[in-house]
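Okay, so here's the structure we're looking at.
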Amino acid sequence: MSSREQIIQIIDSMPEYKIDGLLGFLRLFVADAEDIPNAVTIAALKEGDEMLRAGTGQHFQGSAAEFFAALDAEDGGDA
């Protein structure tokens, strides 16, 4: 039996309320190409995961506006 046939068999045995949840999950597999992270984004995500794992990096506590103001100040002012 092919993988496709196995999936169909499983879906056929599922109650309707579970199929609704599965539908949302399956839609993730056919997302548009622009929804797929590029190499730079993947590298940044991996870096963030490693920082969380190792407990490194900086922690900012404040509003988003304060965070962006701090970033602007590091860069020397307005962009």
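It should be emphasised that the depicted structure is a prediction, and the values quoted were computed from it without experimental measurement.
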How long is the straight-line distance from CD1 of I7 back to CE of M1, given to the nearest 0.5 Å? 12.0 Å
Would you list the atom pairs, donor with acceptor, under 3.5 Å between side chains in residues 47-60 and any protein atom, with sequence neighbours excluded?
| unit_1 | atom_1 | unit_2 | atom_2 | d |
| --- | --- | --- | --- | --- |
| E50 | OE1 | R53 | NE | 3.0 |
| E50 | OE1 | R53 | NH2 | 3.4 |
| E50 | OE2 | R53 | NH2 | 2.5 |

For S13, what residues pass the side-chain hydrogen bond (donor to acceptor under 3.5 Å, both in side chains) criterion, not counting sequence neighbours? none
Measuring from atom OG of S2 to atom CD1 of I8, what distance do you get when rounded to the nearest 0.5 angstrom? 7.0 Å
OH (Y17) and CG (L22) are apart, to the nearest 0.5 Å, by 13.0 Å
Q9 atom CD, neighbour heavy-atom count above 12 within 6.0 Å: no
Please check if L26 and M14 belong to a single hydrophobic cluster, counting links between Ile, Leu, Val, Met, Phe, Trp and Tyr side chain heavy atoms closer than 4.5 Å. yes
When every non-hydrogen atom of I19 is compared with those of I11, the smallest separation belongs to CD1-O, 3.8 Å
